[in-house]
Novice: 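To start, I am sharing the structure in question, which I have written as structure tokens.
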Amino acid sequence: MAHSPEVTSNFIYNIISKDVAEGKNGGRVHTRFPPEPNGYLHIGHAKAILLNYRMAKAFNGKFNLRFDDTNPAKEEQEFVDSILEDLRWLGVDWEDRLFYTSDSFELKYEFARRLIKAGRAYVCDLSQEEIRQYRGTLTEPGKESPYRNRSVEENLDLFERMRNGEFPDGSRVLRAKIDMASGNLNMRDPVLYRILHTSHHRTGNKWCIYPMYDFDHPFTDALEGITHSLCSIEYSDHRPLYDWVVANALELMPEVIKTRSRQIEFARLNLTYTVMSKRKLRRLVEEGHVFGWDDPRMPTIAGLRRRGVRPSAIADFTERVGVARADSTIDLALLEHCIRQDLQDHAHRMMAVLDPLKVVITNWPEGKTEMLELENLPGDESAGVRKVPFGREIYIERDDFMENPPKSFHRLAPGREVRLKGAYIIKCDEVIRDRDGRIIELRASYDPRTKSGGDASGKKVKGVIHWVSVAHAARITVRLFENLFTQEDPEGENEEELFANLNPRSLTVLENVPAEPALAAAAPGSRFQFMRKGYFYLDPKDAEEGKIVYNLTVGLRDSWAKQMQKGQ
RNA sequence: UGGGGCGUUGCCAAGCGGUAAGGCACGGGACUCUGACUCCCGCAAUCGCAGGUUCGAAUCCUGCCGCCCCAGCCA
């Protein structure tokens, strides 16, 4: 079993504990995940999703799913569907609480009206460029809009006419009246509503004004009863505005707003050798560097799923990376470790030879086939056994043979013996070459006394290698993957250089790979360990077209290869 | 020259005034019909730096240094 580490304490858990102990919001805990449907979810989102979900669970609270669809120009149904699929696959449960921020546009409109009546919001006619200029800079205060002191009546009238579609895009906005001299730019009369004559994927053409995130998000949190609104660190600067909106909602909309929601920020996940930015991921897809959002090389949930990673591995990983406020980049090796550990006790062992070299066992009778019994999962009898055909000609991996091996090499070499997994011990007698000197075949002899399970020979060999019978081999396609990026920190690279130097070996397709017959008969979506190679996943998407394609999920650790590398 | 954050081993990360958890990576060894898995052992005289408070500081105070984020009618 994949064992989870002790749930180490984290600062968010500590904050929530304290809030509960103090009886805030009646001691309730209610979290949410608020994706914008404008892209696919990636493993960084998984961290956020599971953090929110776990916090709710840990305190016997609730978890909502809410699509943040305040910008119709960027959002699409395709992404809503993919996000839903990914979340279900991850195993989070929002019960009956699937919401869209657009569900409450009407209430927000009313809230905006009350803000106007309270003299805390106004319609501003400044152009986008003027608003920018009036905002000031990081070091200089802004100046007040000339429209800042319009009467409540005029503001109410103008705002209603904005809603009624009387004004073109960009001509007016609704702004909060806060503080143009604030050191925090977010507080310099932030825009609350803008005019957008764009059809929305849910509300159609009902609205032509749409709320901004900073106005919508805190209100919606409070409306849904969210007690702890977890988000990434770049929103820290927005917290005063978040609090401003929640406080006003509580005061001005007491009939529907009861919760004093609180925002807590944490550092987003970064992984070595991969990018998490939505834009760069989109670029990989749109420029055709990968097959799609679900390409197994992508760090998307869909990509990881298609690679063969199980949700339990992602859950384990997101627990192990921890939660903190410091910027960090997690070593890809940790993810790979979690994936291997998760598959270790589940994936049945099979044999396939990725880089075949033929071996003829000269003392094995021509035409004779023996059905050998192999365990599916050594150490776990409940996983059962299977029959694997063995014959006179077999394939072994080319690198399991060395003509002039160092003494530490435990595999096959001229005059040396090795055990064929689950079969017999063979000795290499002869090396056959083509006219170019390339090794094309080995001749070997087997020792009949050494049959696996009943070896009476007393022989001890160091090496055990996998094999596939030539006469019975099924043929499969195998896809091997390497990182898309060769740089450890691609996010920190110059983007054009980054895309000009993508790893040319990120994908290797091996056709006609000899494999034991069971691999061709497996159900789509099956996961196996190809012995001594790695974990592989029978691609369900290709299976729909009748193709048998195995994707590499993650390779096995290989201390021999590591040793060889060191020697060079 | 403004505001908000962050700095604990190669990478993460506990720690919240009482004398540096854990994981990954790495090195060594055992075991092994997967050079996998598993199991042992090793891996921070020190917590960005410098002062100060204290019997005692990674934890408190002061000052430096370094890194990240913010000037969308994006989220």
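Reminder, nothing fancy here: chain letters follow the sequence lines and each chain counts from 1.
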Novice: Is A:R532 close enough to B:rC37 that one of its side-chain N or O atoms is under 4.0 Å from OP1 or OP2 there?
Specialist: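 Checking B:rC37 against A:R532, no side-chain N or O comes under 4.0 Å of OP1 or OP2.
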Novice: Between the side chains of A:E129 and A:S127, does any donor sit under 3.5 Å from an acceptor?
Specialist: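 Looking only at side-chain atoms, A:S127 and A:E129 do not form any donor-acceptor pair under 3.5 Å.
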Novice: Using Watson-Crick or G-U wobble geometry with both distances below 3.5 Å, tell me the partner of B:rA71, or none.
Specialist: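 No nucleotide pairs with B:rA71.
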Novice: Under 4.0 Å, heavy atoms only, any strand: does A:Q128 hit a base, just the sugar-phosphate, or nothing?
Specialist: base
Novice: Using a cut-off of 4.0 Å on non-hydrogen atoms, how would the nucleic acid contact of A:S559 be classed: base, sugar-phosphate, or nothing?
Specialist: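 If one applies the 4.0 Å heavy-atom cut-off, A:S559 turns out to touch the sugar-phosphate alone, with no base involved.
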Novice: Using a heavy-atom cut-off of 4.0 Å across all strands, would you classify A:K74 as base, sugar-phosphate, or nothing?
Specialist: base
Novice: Could you check how far NE2 of A:H238 sits from C1' of B:rC69, rounded to whole Å?
Specialist: 9 Å
Novice: Is A:G453 touching bases, backbone alone, or none of the nucleic acid, heavy atoms closer than 4.0 Å?
Specialist: base
Novice: Can you see whether A:K421 engages A:S452 through a side-chain donor-acceptor pair at a distance of less than 3.5 angstrom?
Specialist: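 Result is no, nothing qualifies.
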Novice: Any side-chain N or O of A:R268 less than 4.0 Å from the OP1 or OP2 oxygen of B:rC68?
Specialist: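 So the side chain of A:R268 is outside the cut-off, no N or O lying under 4.0 Å from OP1 or OP2 of B:rC68.
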Novice: Is there, by distance only and without an angle test, a donor paired with an acceptor across the side chain of A:S328 and the base of B:rC12 below 3.5 Å?
Specialist: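 Absent.
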Novice: Just to be sure I understand the rule, does A:T70 reach a base, reach only the sugar-phosphate, or reach nothing, if contact means heavy atoms closer than 4.0 Å?
Specialist: sugar-phosphate
Novice: Measuring from A:S171:OG to A:M162:CE, what's the distance to the nearest 0.5 Å?
Specialist: 7.5 Å
Novice: In the strands shown, is B:rU1 matched to any nucleotide by a Watson-Crick or G-U wobble pair with both distances under 3.5 Å, and which?
Specialist: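 The base-pairing partner of B:rU1, which may sit in any strand shown, does not exist here.
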Novice: Under 4.0 angstrom, heavy atoms only, what part of the nucleic acid is A:V191 near: base, sugar-phosphate, or nothing?
Specialist: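 Here A:V191 touches the backbone only, sparing every base.
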Novice: According to the Watson-Crick and G-U wobble definitions, with both distances under 3.5 Å, which nucleotide is paired to B:rU38?
Specialist: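 B:rU38 is paired with B:rA30.
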Novice: Does A:E417 pair with A:K459 as a salt bridge, N-O distance under 4.0 Å?
Specialist: yes
Novice: Expressed in whole Å, how much space separates the P atoms belonging to B:rU59 and B:rU53?
Specialist: 15 Å
Novice: Counting any heavy atom closer than 4.0 Å, what does A:H217 reach on the DNA or RNA strands: base, sugar-phosphate only, or nothing?
Specialist: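 No contact.
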Novice: Decide whether A:D189 and A:Y122 meet the rule of one side-chain donor and one side-chain acceptor closer than 3.5 Å.
Specialist: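 Yes - a donor-acceptor pair under 3.5 Å links their side chains.
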Novice: Report yes if a side-chain nitrogen or oxygen of A:K278 is closer than 4.0 Å to either non-bridging phosphate oxygen (OP1 or OP2) of B:rA75; otherwise report no.
Specialist: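 Negative; the distance criterion is not met.
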Novice: Specify the separation, in whole Å, of atom CD1 of A:I233 and atom P of B:rC6.
Specialist: 7 Å
Novice: In the strands shown, is B:rA50 matched to any nucleotide by a Watson-Crick or G-U wobble pair with both distances under 3.5 Å, and which?
Specialist: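 The base-pairing partner of B:rA50, which may sit in any strand shown, is B:rU62.
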Novice: Under a 3.5 Å cut-off for both distances, is B:rU19 Watson-Crick or wobble paired, and to whom?
Specialist: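 By the stated definition (distances under 3.5 Å), nothing pairs with B:rU19.
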Novice: Counting just side-chain N and O atoms, does A:R135 come under 4.0 Å of either OP1 or OP2 of B:rC73?
Specialist: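 Looking at the OP1 and OP2 atoms of B:rC73, one of them is under 4.0 Å from a side-chain N or O of A:R135.
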Novice: Over all strands shown, is A:I131 touching base, sugar-phosphate only, or nothing at heavy-atom distances under 4.0 angstrom?
Specialist: base
Novice: In a check of ring pair (Phe, Tyr, Trp, His ring centres under 6.0 Å) between A:Y235 and each of A:Y213, A:Y242, A:F266, which one passes?
Specialist: A:Y213
Novice: Mapping A:K421 and A:Q344 to their closest nucleotides on RNA chain B, which lands nearer the 5' end?
Specialist: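 The residue mapped nearer the 5' terminus is A:K421.
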Novice: Measuring to OP1 and OP2 of B:rC6, would you say a side-chain N or O of A:R325 lies under 4.0 angstrom away?
Specialist: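 Answer yes for this pair, as a side-chain N or O of A:R325 is under 4.0 Å from OP1 or OP2.
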Novice: Looking only at side-chain N and O atoms, does A:H337 come under 4.0 Å of OP1 or OP2 in B:rC24?
Specialist: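 Indeed, a polar side-chain atom of A:H337 lies that close.
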Novice: Can you tell me how far P of B:rG4 sits from OH of A:Y242, to the nearest Å?
Specialist: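 It is 21 Å, rounded to the nearest whole Å.
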Novice: So, OP1 or OP2 of B:rG72: does either fall under 4.0 Å of a side-chain N or O from A:R132?
Specialist: yes
Novice: At 4.0 Å (heavy atoms only), tell me whether A:L138 reaches a base, stays on the sugar-phosphate, or touches nothing.
Specialist: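 The answer is base, as A:L138 lies within the cut-off (heavy atoms under 4.0 Å) of a base atom.
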Novice: Write down the distance between CG (A:L196) and P (B:rC73), rounded to a whole number of angstrom.
Specialist: 12 Å
Novice: Partner lookup for B:rC24, please. Criteria are Watson-Crick or G-U wobble with both distances under 3.5 angstrom; report none if nothing qualifies.
Specialist: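 B:rC24 is paired, partner B:rG10.
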Novice: On RNA chain B, check which nucleotide each of A:V323 and A:T272 is closest to and give me the residue with the more 5' one.
Specialist: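 Result of the comparison: A:T272.
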Novice: What is the separation between atom CG on A:N14 and atom C1' on B:rA13, rounded to the nearest whole Å?
Specialist: 13 Å
Novice: With a 3.5 angstrom cut-off on both distances, give the Watson-Crick or G-U wobble partner of B:rA45, or none if there isn't one.
Specialist: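 Across any shown strand, B:rA45 pairs with none.
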Novice: Could you tell me the separation between the CG atom of A:D169 and the C1' atom of B:rC73, rounded to a whole number of Å?
Specialist: 9 Å
Novice: Assign A:Q529 to base, sugar-phosphate, or nothing according to its heavy-atom contacts below 4.0 angstrom with the strands shown.
Specialist: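 Base, at least one base heavy atom under 4.0 Å.
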Novice: If you take the centroid of each ring, where Trp contributes its six-membered ring, are A:Y446 and A:Y424 closer together than 6.0 Å?
Specialist: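 Between A:Y424 and A:Y446, the centre distance is under 6.0 Å.
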Novice: What contact category does A:L271 fall into here, base, sugar-phosphate, or nothing, at under 4.0 angstrom with non-hydrogen atoms?
Specialist: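 Counting heavy atoms under 4.0 Å across all strands, no contact is made by A:L271.
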Novice: Quick one: A:E488 CD to B:rC11 C1', roughly how many Å, whole number?
Specialist: 9 Å
Novice: Spell out yes or no: do the side chain of A:D558 and the base of B:rG35 have one donor N/O and one acceptor N/O closer than 3.5 Å?
Specialist: no
Novice: When the distance from CG of A:L334 to P of B:rG23 is rounded to whole Å, what number comes out?
Specialist: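 Spelled out: CG on A:L334 to P on B:rG23 is 12 Å.
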Novice: Please determine which of A:V461, A:L412, A:T450 meets the side-chain contact (heavy atoms from CB on, under 4.5 Å) test together with A:I426.
Specialist: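 Going through the options one by one, the only one that passes is A:L412.
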Novice: Quick one: label A:S182 by what it contacts on the DNA or RNA (base, sugar-phosphate, nothing), any heavy atom closer than 4.0 Å.
Specialist: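 Counting heavy atoms under 4.0 Å across all strands, no contact is made by A:S182.
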Novice: Determine: side-chain N/O of A:R557 to OP1/OP2 of B:rC37, distance under 4.0 Å, yes or no.
Specialist: yes
Novice: Determine the contact category for A:Y134: base if any of its heavy atoms lies under 4.0 Å from a base atom, sugar-phosphate if only primed atoms, P, OP1 or OP2 are that close, otherwise nothing.
Specialist: nothing
